[in-house]
Structures are given as structure tokens and as C-alpha cells.
Amino acid sequence: MSTDSREGAQPLEGLGLVGGSPSMPIGAELGIGALDGPKPRSQWQLFRSRFLKHRLAVFSLVLLILLIFACFAANLVAPFPANQQDLAVGAVGPNAHHWLGTDELGRDMLSEILYAGRTSLRIGLTVAFLSTLLGTVVGAISGYFGKWADQGLMRLTDLFLVIPQLVVLAIAIQGFGSTQVVIALSLAALFWMGEARVVRGQVLALREREFVEAARSIGASPMRVVFRHIIPNCLGPILVGATLGVAGAILTESALSYLGFGVQLPATSWGNLLSSARGYVGTPQAYLIYFPGLMILITVLAVNFLGDGLRDALDPYGSNG
Amino acid sequence: MIQFLSRRIIYSIVVLLLASIVAFVGTRIAFDPTARLAQVRDKQVRERERERLGLDKPVAVQYAKWVGNFARGDMGTSEVTRQPVSTMLASGLGYTMQLMLWAVILSIIAAIAIGVYSAVRQYSAGDYIFTTISFIGISIPPFWFAFIAIQFFVFQLMAWLNLSQPIFYFVGLHSTGGSGFNIDYLQHLFLPVLVLTVQNIAGWSRYQRASMLDTLNSDYIRTARAKGVPRRQVIMRHALRNALIPVVTVMALDIGLLFGGLVITEQIFSIPGMGRIFVQAITNGDAAVLTSWTVVAAFFVLLFNLIADLAYGWLDPRVRVA
């Protein structure tokens with residue numbers, strides 16, 4: 001019983017995400033580790049071995065890290081400087097010199113895509129972080145305090161789910177101007193509902209557990225109970241939700257760009273590269289459409305696979321892999 | 001059941017009212033219908049226009065007047081097109097409903113078929129192929145998929161088959177002057193419906209697969225098999241009917257959200273439906289249209305949420321008691 005509640009209290013401590021006391025194998029203080037039987041493994045070891053088994057997720061993680069590096073270090077990596085035109089070249093298809101071809105102004109597509117990736121990834125990551133934070137706080141308050149706080153916040157969540165996202169975004173951006181800050185903030189304001197519902201569900205289940213009762217009984221404040229004891233236990237679903245947020249934000253930004261409300265030129269994003277190439281459908285320059293879209297597809301696909309791998313690896317009822 | 005239903009309906013009306021307040025206040029903040037008069041030398045002109053539109057009154061008063069008119073079917077007049085908003089939205093809804101109807105029918109059939117196949121043949125080559133395709137379907141930017149589909153189905157197909165006329169069209173729902181249900185209509189319908197369905201087929205077939213797997217592994221299925229019920233009958237009659245329950249709920253919820261996806265599809269394929277109206281209204285700053293548009297869209301989401309609840313109660317008698 002005592003090992004049980006300990007496990008419940010801080011299972012993710014070893015992840016290094018929670019901080020606090022140095023990680024210690026479960027049951028070590030009881031001397032269980034000294035007994036015969038399989039070697040006890042920390043949560044972190046369990047998570048790592050399960051995650052590494054998910055080949056596709058590991059591959060996606062590596063790919064994403066490379067992609068993020070290539071985009072943010074574009075000055076060093078990209079074959080050509082940003083926005084360098086070569087009107088004598090014009091639009092040519094992929095070749096040895098320009099791997100992904102050039103656009104009508106002779107700009108190297110590969111370099112343009114890497115530079116544009118900064119904006120897309122920055123928006124994706126910012127939105128995921130902000131919406132996850134907001135969703136977690138709303139979900140935690142709603143689930144832990146219940147009653148009118150729950151009623152109010154969940155009705156608010158319903159309200160946000162009812163109005164089509166694209167509508168709110170377009171109105172907000174049209175009204176406040178399409179700067180990247182406005183785009184990121186309005187996206188974040190529309191992506192937290194799923195997270196809030198998931199966290200609320202988790203918190204509802206966790207707040208009845210013994211370790212929460214124990215924490216309350218020794219006089220821990222509600223804030224402390226929620227943020228030190230309950231939230232660390234929902235980190236799994238929260239992380240998975242965050243990956244979905246990255247994917248959703250990148251996709252929605254590109255859709256906004258198509259409608260003309262996304263990132264505005266001269267700043268570029270994958271969405272507006274794609275949008276400005278829309279006239280080339282059905283022409284010999286159709287390759288200008290293929291590559292920016294392919295980058296979005298690859299990134300979102302990798303983020304989704306990563307989320308899938310995290311979900312499996314963090315599932316407490318999964319195999320011990 | 002009736003008590004449950006009436007409670008849900010009242011709740012939906014409250015959410016719809018809240019949504020209309022948000023839509024009304026939001027468009028009032030973001031758009032000033034008199035902005036085009038800002039350059040007029042005579043300040044009085046703008047003042048008079050504000051008075052005529054009732055913009056000088058408090059927002060609460062404006063809202064009360066607007067919601068009263070709305071309830072009686074009067075959505076006001078567009079300041080840009082000078083047409084009644086209700087006429088504009090009604091003509092748009094006609095096109096949008098056609099697209100939605102075909103997209104929904106197609107994606108339900110395809111998603112259930114794929115989901116059942118993948119569950120029955122779990123871990124087969126076909127299952128892996130469908131899994132990969134559905135991951136791509138969820139991750140693909142819809143309008144990029146539309147471009148690729150146009151490029152392939154219109155232009156490449158023409159080039160490969162040496163045709164002078166494309167097989168599929170990507171502008172409107174009929175050739176100029178055409179109407180009715182005919183080959184021409186189907187040639188126009190194919191691409192926009194394809195674009196609209198991809199995400200739903202991908203998402204729903206995953207749900208169908210998961211839910212079918214759950215059902216196939218349950219005890220009563222084993223019992224049916226042990227009694228000697230033919231495999232086909234076990235799958236279609238015993239398993240599928242139960243496996244559909246959670247899927248139907250997800251489908252109903254997503255159909256309501258299809259309204260957002262229509263914006264992009266109608267814009268790409270130049271179909272004068274609700275999505276097109278929305279894009280035009282927002283580019284022209286047409287506040288009257290935007291407010292009513294949002295409320296109509298919210299109405300559809302709530303309607304399908306309600307249908308999801310009802311379907312759940314209808315399909316699963318255990319829920320009805322609660």
C-alpha cells in the first residue's frame with residue numbers, strides 16, 4: 001500500500017520535468033530493491049525503454065530536432081541568403097544547383113523554405129506552449145474546485161467550441177492587424193479547450209486519490225495540492241495535447257495564410273509561401289506548390305507520430321516494455 | 001428521455017445566445033461600418049450615419065434590438081451589398097448543404113468500411129496501408145491537398161490521356177448555364193467533396209477501427225462464434241452495430257464542425273456557399289453578415305451536438321435510463 005501511494009504521488013519525478021528530490025527507484029527506501037526478482041526501474045527508465053521501442057516516434061523526434069535546427073540556423077545551413085533574387089535565372093525546376101528549384105524571382109526554394117520554417121515553427125511552438133498552459137490551468141481549476149467554478153469554466157469551453165475557429169481568428173486578425181503576435185495569441189486563445197477537458201477529467205479522478213487526501217490533511221494549500229501533487233500526475237496527457245497543439249497551429253496558420261489573414265509578406269511562413277504559389281497550379285512551375293506543402297505535411301506528420309509515441313510510453317497501463 | 005432532451009435543448013439555446021453576444025460584440029469591436037466615411041470632410045455625415053445605424057446607442061441596446069429582429073427572421077441588411085442578410089445566407093446555404101450532404105454520405109461509408117476492414121484484418125498489409133494513409137490524411141493541410149488534387153485530377157490527367165477537356169472541373173458546381181443532377185454536376189462535385197472528406201475519413205476510420213477492435217475482443221462475440229454463428233454475421237450484425245455507437249457520436253460532432261472546413265474548400269473551388277460569403281464579408285468588413293453568419297454556424301454545431309446526444313441515447317438503451 002505504501003509503495004502504491006508513493007507511486008501515485010510522484011511518478012514523473014524522474015522525468016526531470018518536476019524537479020524536487022533526486023530520483024530514487026520505487027520502493028528503494030523499503031529495501032525492496034535488495035530482494036530477489038527483476039531489477040526495479042524508475043519511471044524515467046520505463047518511459048525511455050517504451051518510447052525507444054516506438055521506432056516511428058523516435059525517428060520523428062530526430063527529424064523534428066534536425067528540422068528545428070536547420071530552420072533556426074538557416075543563416076548557416078541554407079545554401080543561399082534569405083530573399084536573394086537572381087532574375088537572370090527565373091523560375092527553374094529542381095536541379096543540382098537549386099535542389100528544390102527557384103521561384104519566378106530566381107530565389108532558391110530550399111533556402112526560402114528553411115527561412116520560412118522559422119516563422120511556422122515559432123508560431124507552432126508558441127501556440128502549443130500558451131494553449132497548453134491555459135488549458136491546464138482552466139482544466140485544473142475546473143476539476144479540482146468543482147461547483148460553480150467548474151460550471152462556469154466548462155460553459156465557457158463549450159462556447160469556444162461552438163464558434164468556428166476560423167471565424168474568430170479571421171475577425172480578430174482583421175480587427176487587430178495580422179502581426180505574428182496577434183496570430184499566435186489568437187491561435188492560443190482557440191486551442192486550449194481540448195486540453196482543458198482532458199486535464200479536467202484527469203483532475204476529477206486524481207483528486208479522490210489517497211495521496212491528495214494525505215496532502216490536504218497535512219495542511220497543503222489548494223494551490224500546492226493542484227500544482228505540486230495533481231498536475232505532475234497528468235503530465236502524460238498534457239504533453240500529448242501539446243504535440244497536437246503544435247500540429248494544429250501550423251495547419252491553421254497555413255489555412256489563414258491561404259485566406260490572406262496569415263503571416264504577411266515580407267515575412268514568410270510555409271503557409272504564405274504556399275499561398276503565393278497558388279497561381280502555379282496546372283503550370284510547369286507546379287513544383288513551387290509541392291515543396292512548402294510537403295514541409296508542412298512532414299512536420300505535422302512527425303509531430304503526430306511523436307504524440308502517438310509519447311501517449312503509448314506514458315500510458316501507466318501499457319506494457320512494461 | 002424527454003426530460004433529458006428538453007434540458008439539452010434549453011442548454012443549447014443558452015449557449016447559442018451567449019455565442020450571439022460574443023459574435024455581436026466581437027464584430028462591433030473589430031469592424032466599424034462607418035469607417036468608409038472617415039475621409040469625408042463633413043464630420044456630420046459620419047455622425048448621421050452612426051445615428052441611422054443605431055451605433056450611437058449603448059451596445060446592450062443595439063444587441064437587444066438585433067436579437068429581437070433576428071428571432072423574427074430579420075437579420076438586417078448588408079451595408080456592402082445592400083441585400084437582406086437572410087437572402088444572402090439562404091442562397092449560400094443551398095450550395096453549402098449540397099457539398100455537406102455528399103461529403104458526409106461519402107465519408108461515413110468510406111470510414112466505416114475502412115475501419116471494419118482494418119479491425120477484422122488487424123496488422124495485415126491492408127491495415128498498415130490504411131493506417132499510414134489516415135495519418136497522412138490527418139496531417140495534410142487541406143488547401144494544399146486541394147491544389148495537389150487539382151494539379152493531378154485536372155491537369156495531369158488531361159496531359160496523360162491526351163484530352164482537350166478535363167474530366168473533373170474545379171470552378172463552381174455546374175458549367176455556365178447548367179443546373180440539375182447530371183454528369184456535369186458530378187464532374188464538378190468530385191474534387192471539392194474529395195477535399196472535404198479526406199480529414200473526416202482519416203479521423204473516423206481510426207475511431208471505427210479502435211471501437212471495432214474493442215467489440216471484437218469482448219466476451220459476447222466469442223460466445224456468438226462458439227455457438228457457430230457464421231463469421232460474416234458476427235462481424236456485421238453482432239460486432240458492427242455495437243462498435244458504431246461511439247463512432248456515430250464523434251461523426252455527429254465533426255459534421256457540425258465541417259462548417260469551418262467549408263470556408264477554405266468553397267474559396268478554392270469558387271462555390272458561392274456560406275464559406276465564400278464569409279470570406280467576402282470579412283474582406284469587405286461587412287459586420288451585419290458576419291454576426292449572423294457566426295450565429296448560423298454556431299446553430300449548426302449545436303444542432304449536431306444535440307443529434308450526437310440523441311443518437312447515443314437511441315443506439316444505447318442504457319444511456320436512456322440515466
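Per chain, numbering begins at 1; letters A, B, ... match sequence-line order. Just so you know, these numbers come straight off a predicted model, no measurement behind them.
For chain A, the option among B/Ile140, B/Val279, B/Leu18, B/Ile282 with the highest count of heavy-atom pairs below 4.5 Å is B/Ile282.
The two residues A/Val162 and B/Ala19 have their closest heavy-atom pair at CG1-CB, 4.4 Å.
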Could you work out all donor-acceptor pairs shorter than 3.5 Å where one atom is in chain A and the other in chain B?
residue, atom, partner, partner atom, Å
A/Arg155, NE, B/Tyr11, OH, 2.6
A/Asp158, OD2, B/Tyr11, OH, 2.2
A/Gln174, NE2, B/Ile282, O, 3.2
A/Gly282, N, B/Gln151, OE1, 2.7
A/Ile289, O, B/Trp144, NE1, 2.8
A/Asn304, ND2, B/Ser139, OG, 3.0

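Using a 4.5 Å cut-off between heavy atoms, A/Leu274 touches chain B through backbone and side chain atoms alike. For B/Phe135, the parts lying under 4.5 angstrom from a heavy atom of chain A are both the backbone and the side chain. Heavy atoms closer than 4.5 Å to chain B are found nowhere in A/Ala247, neither backbone nor side chain. Heavy-atom distances place no part of B/Val295 under 4.5 Å from chain A, backbone and side chain included. With a threshold of 4.5 angstrom between heavy atoms, A/Leu56 does not approach chain B through any atom at all.
Separating the CG atom in A/Leu297 from the CD1 atom in B/Ile138 is a distance of 12.0 Å, to the nearest 0.5 Å. Rounding to the nearest 0.5 angstrom, the gap separating the CG atom in A/Leu288 from the CZ atom in B/Phe147 is 12.0 Å. Rounding to the nearest 0.5 angstrom, the gap separating the CD1 atom in B/Ile264 from the CG atom in A/Leu259 is 4.5 Å.
Residue pairs meeting the salt bridge (Lys or Arg N to Asp or Glu O under 4.0 Å) criterion with at least one partner in residues 279-292 of chain A, sequence neighbours excluded, are absent.
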